[in-house]
Amino acid sequence: MKTLIAYFSHAGENYFPEGMRYIEEGNAKIIAEKVKKLKDADIFEIDTIKKYSDDYQKCCDEAKAEQQNGELPELKKYLPSISQYGEIVLVYPCWWGTMPQAVFTFLSHYDFSGKEIVPICTHEGSEMGRSEKDIAKVCPNAILQKGIAIQGAYADKCEGALLKYFVW
């Protein structure tokens, strides 16, 4: 069976240990593309119709409101099917202790029964948060692998962590 890399990423102003920095590509996208170089996989961007603010604090506020209201933002597109995939590498930032609501939308749209999900979460201190538990709730019949937490500030230098996981 094939592998799918599905990722949600946020470009714009991002938090880094030394302060705010504007990035052209989100950290999760950088990591998803690195995984693609290691695996023969298809790649899919989880992208919302409603754009999140480029301003870090405004984006945080938008994400928090979505989470508190249980909103599942509509995505720009969906895959017609995931039946051909046995493994899904899911890459996302940690927002308010879990994955962004857009990732919940993606996971809720498909049946992941019997599929292996490998979560990779970018963070600046919260590691995986409760995202692994949340994935297990949304996809109770999936085979959930132990997640990989990568500090977003080091997304461009994470090859070593990915090699340990994806090269056998």
Side-chain angles (χ1 to χ4, degrees), residues 4-36 38 43-48 50-73 75 87-109 112 115-140 142-166:
L4 171 68
I5 302 164
Y7 72 92
F8 175 85
S9 199
H10 179 260
E13 190 177 49
N14 274 251
Y15 177 82
F16 283 80
E18 67 277 359
M20 297 298 161
R21 187 176 354 155
Y22 187 90
I23 56 175
E24 294 293 325
E25 290 186 310
N27 295 320
K29 180 177 183 179
I30 292 167
I31 293 169
E33 289 174 348
K34 288 182 182 298
V35 173
K36 173 93 172 108
L38 296 173
I43 194 163
F44 177 78
E45 181 180 11
I46 301 168
D47 193 11
T48 55
K50 180 192 89 177
K51 184 175 176 353
Y52 293 94
S53 177
D54 282 346
D55 178 272
Y56 177 79
Q57 191 55 55
K58 286 180 184 174
C59 180
C60 288
D61 293 343
E62 293 165 351
K64 185 176 186 179
E66 272 185 353
Q67 189 180 102
Q68 289 175 335
N69 297 328
E71 293 175 36
L72 294 177
L75 304 183
E87 177 185 49
I88 291 81
V89 178
L90 189 64
V91 190
Y92 54 89
C94 187
W95 283 6
W96 294 103
T98 190
M99 57 201 162
Q101 292 298 108
V103 179
F104 282 93
T105 301
F106 174 79
L107 293 175
S108 299
H109 192 79
F112 287 88
K115 301 202 181 289
E116 185 176 340
I117 299 176
V118 179
I120 302 177
C121 182
T122 66
H123 68 94
E124 287 305 329
S126 57
E127 301 215 349
M128 298 298 293
R130 66 179 180 280
S131 64
E132 290 169 299
K133 290 178 184 174
D134 288 340
I135 293 168
K137 286 179 191 173
V138 177
C139 306
I143 303 159
L144 183 60
Q145 298 299 323
K146 175 86 175 113
I148 305 167
I150 297 174
Q151 190 171 356
Y154 303 107
D156 60 339
K157 297 173 181 73
C158 70
E159 290 87 355
L162 296 175
L163 280 170
K164 288 178 189 174
Y165 196 89
F166 289 111

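No experiment lies behind these values; they were computed from the predicted model shown.
- Across Thr105 and Pro73, no two heavy atoms sit closer than the pair OG1-O, 2.9 Å.
- To the nearest 0.5 angstrom, Tyr165 atom OH is 5.5 Å from Ile148 atom CD1.
- The minimum heavy-atom distance between Ala155 and Lys34, with the atom names listed, is O-CE, 3.3 Å.
- Distance alone, capped at 3.5 Å, is enough to place a donor-acceptor pair between the Glu124 side chain and the Ala153 backbone.
- Annotation for Lys50: atom NZ counts as buried by contact number, over 12 foreign heavy atoms lying within 6.0 Å.
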Solution key, residues 90-103 side-chain donor-acceptor pairs under 3.5 Å, sequence neighbours excluded:
from   : atom 1 : to     : atom 2 : distance (Å)
Tyr92  : OH     : Ser131 : OG     : 2.7
Trp96  : NE1    : Cys60  : O      : 2.9
Thr98  : OG1    : Asp134 : OD2    : 2.6
Gln101 : NE2    : Glu71  : O      : 2.8

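- If you take CD on Glu87 and CD1 on Ile5, they are separated by 8.5 Å, rounding to the nearest 0.5 Å.
- Residues Ile88 and Val118 are not in side-chain contact: their nearest non-hydrogen atoms beyond the backbone lie 4.5 Å or more apart.
- Evaluated for a side chain to side chain donor-acceptor pair (under 3.5 Å) with Tyr52, the options Glu66, Glu62, His10 yield exactly one hit, Glu66.
- Here His123 contributes atom NE2 and Asn27 contributes atom CG; the two are 10.5 Å apart, rounded to the nearest 0.5 Å.
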- Item | Verdict with supporting geometry, Ile143 and Ile117, side chain to side chain contact (heavy atoms under 4.5 Å, CB included) | CA-CA 6 Å; Ile143 303 159; Ile117 299 176; over 6 Å; no

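- Remark: Glu13 CD to Gln57 CD distance equals 9.0 Å, nearest 0.5 Å.
- Within 6.0 Å of CZ in Phe44 there are more than 12 heavy atoms belonging to other residues, nucleotides or ligands.
- Atom CZ of Phe8 sits about 8.5 Å away from atom CD of Glu45, to the nearest 0.5 Å.
- Between the side chain of Asn69 and the main chain of Gln67, no donor-acceptor pair closer than 3.5 Å is present.
- Without hydrogens or angle criteria, Thr122 side chain to Ala28 main chain gives no donor-acceptor distance under 3.5 Å.
- Nearest approach of Phe112 to Leu107, heavy atoms of both residues: CE1-O, 3.4 Å.
- Shortest non-hydrogen contact noted between Pro119 and Glu132 is CG-CG, 4.3 Å.
- For the atom pair CD1 (Ile150) and CD (Glu127), the distance works out to 11.0 Å, reported to the nearest 0.5 Å.
- For the side-chain contact (heavy atoms from CB on, under 4.5 Å) test, residues two or more places apart in sequence or in another chain that qualify with Asp54 are Tyr22, Lys51.
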